[in-house]
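Presented below is the structure to which this report refers.
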Amino acid sequence: MGSSAPSSPAAAIGAWSDAHDLSPLADPAAASEAAHQLLEAGLLSLPLPGRGRTEERMTALAALGEADCVLARLAEAHTDAVAILAEIGGKEPEPGQLWGVWAAQPPGAAHLDAAAAGDDWSLSGEKPYCSGAAACDAALVTAATPGGNRLFAVDLRRPGVAPVAGTWPAVGMAGSDSRSVRFENVPAVAVGAVGAYTNRPGFWHGAAGVAACWMGGAVGVARALTRAAGQRELDPHALAHLGAIDGAIVGRRAVLREAAMDFDDDPADDRGRAALVARRTRTVVEAGVNEVLARVGRALGAGPLTRDGRHSRRVSDLTVYLRQSHAERDLFDHGRRLVELGDDW
């Protein structure tokens with residue numbers, strides 16, 4: 001019998017990653033090429049969140065994280081951009097265009113401003129943490145307007161867009177090329193009203209989707225321990241770590257599945273719970289990912305970190321990727337929302 005095509009987006013992504021050498025993805029050019037290959041193969045056409053197939057979307061994002069964290073970062077941003085445009089309006093991405101979502105606004109960072117001239121807008125200033133700074137063909141970018149922050153669609157191949165050298169001297173997630181990008185009077189198209197980017201249910205759907213990528217990254221790290229189990233007899237301590245890792249991974253998958261069900265049950269967030277569901281999901285997944293990182297390291301020691309370049313990069317990349325969580329600031333918001341909604345267990 002002939003082999004059949006993969007039955008789901010996650011399976012298709014897994015088959016694609018198995019057929020490709022992803023070890024060079026610490027290089028931004030290689031990461032860009034891989035992300036465009038995924039796009040051209042149709043593997044980034046995921047179900048939109050909150051439309052009844054969110055679990056399928058989550059498992060695909062986890063498959064991307066398991067394949068490679070750098071690839072997941074670029075691919076997840078593209079799929080998020082597609083979902084944002086579908087939710088609040090805007091021109092659909094053209095075939096072959098890789099999109100980013102550049103919305104970071106850390107304290108003390110350089111400023112990006114949007115100026116209006118009639119119905120036209122232009123962006124000037126600098127935006128930090130622009131993943132895929134040289135890889136993306138277009139991006140959704142937040143910028144300051146007199147009325148407040150607003151989202152804009154930008155063709156990054158226009159004159160006046162320039163990644164800033166030396167602003168991403170990272171080891172972990174080096175291939176994501178998350179440099180600052182400078183804009184000089186670059187034409188832009190407004191997407192949604194002021195505040196529409198954050199004041200929408202899909203903002204929280206996307207936040208949970210990032211957690212799915214983290215979880216996939218943890219599975220990729222954990223594979224080092226299962227590979228070791230296939231090559232030699234593990235000692236009792238390593239087996240204990242393996243059992244705990246299995247519990248962490250399976251439990252976090254269940255949390256992602258529950259979040260997907262919540263989003264599909266209330267896509268417009270009429271119950272006002274989407275933010276709490278996303279916060280819970282990220283809190284639980286982050287803890288599970290940290291447990292996997294710690295236990296794999298304790299079970300295997302320094303060997304894979306010093307002799308297995310792919311594993312070492314996975315650990316470094318995932319450690320940086322996980323810091324898309326804002327730690328206690330996010331936990332504070334989680335607790336505040338819990339009290340406001342009167343939720344308990």
Flag the pair L22 / W16 as yes when at least one side-chain heavy-atom distance between them is below 4.5 Å, and no otherwise.
yes
Is there a donor-acceptor pair under 3.5 Å between the side chain of R150 and the backbone N or O of G192?
yes
Without hydrogens or angle criteria, can the side chains of T54 and D264 be said to hold a donor-acceptor pair below 3.5 Å?
yes
Would a distance-only check, ignoring hydrogens and angles, find a side-chain to backbone donor-acceptor pair under 3.5 Å from D68 to A72?
no
Could I get the full list of ring-ring contact (aromatic ring centres under 6.0 Å, His included) partners for F203, not counting sequence neighbours?
Y197
Step by step, would you call V296 with H241 a side-chain contact (heavy atoms from CB on, under 4.5 Å)?
CA-CA 7 Å; V296 170; H241 285 302; over 6 Å; no
Can you sort out the partners of W121 under ring-ring contact (aromatic ring centres under 6.0 Å, His included), two or more places apart, ordered by chain and number?
F152
For the pair E286 and R323, find out whether any cationic side-chain nitrogen is under 4.0 Å from an anionic carboxylate oxygen.
yes
Pair D265 + R271, salt bridge at N-O below 4.0 Å
no
If you measure from the Lys or Arg side-chain nitrogens to the Asp or Glu carboxylate oxygens, is any gap between R337 and D333 under 4.0 Å?
yes
Can you see which heavy atom on P9 is nearest to which on L46, and at what distance?
CB-CD2, 4.0 Å
Whether D317 side chain and M173 backbone form a donor-acceptor pair below 3.5 Å
yes
Ion pair check, D155 and R157, cut-off under 4.0 Å
no
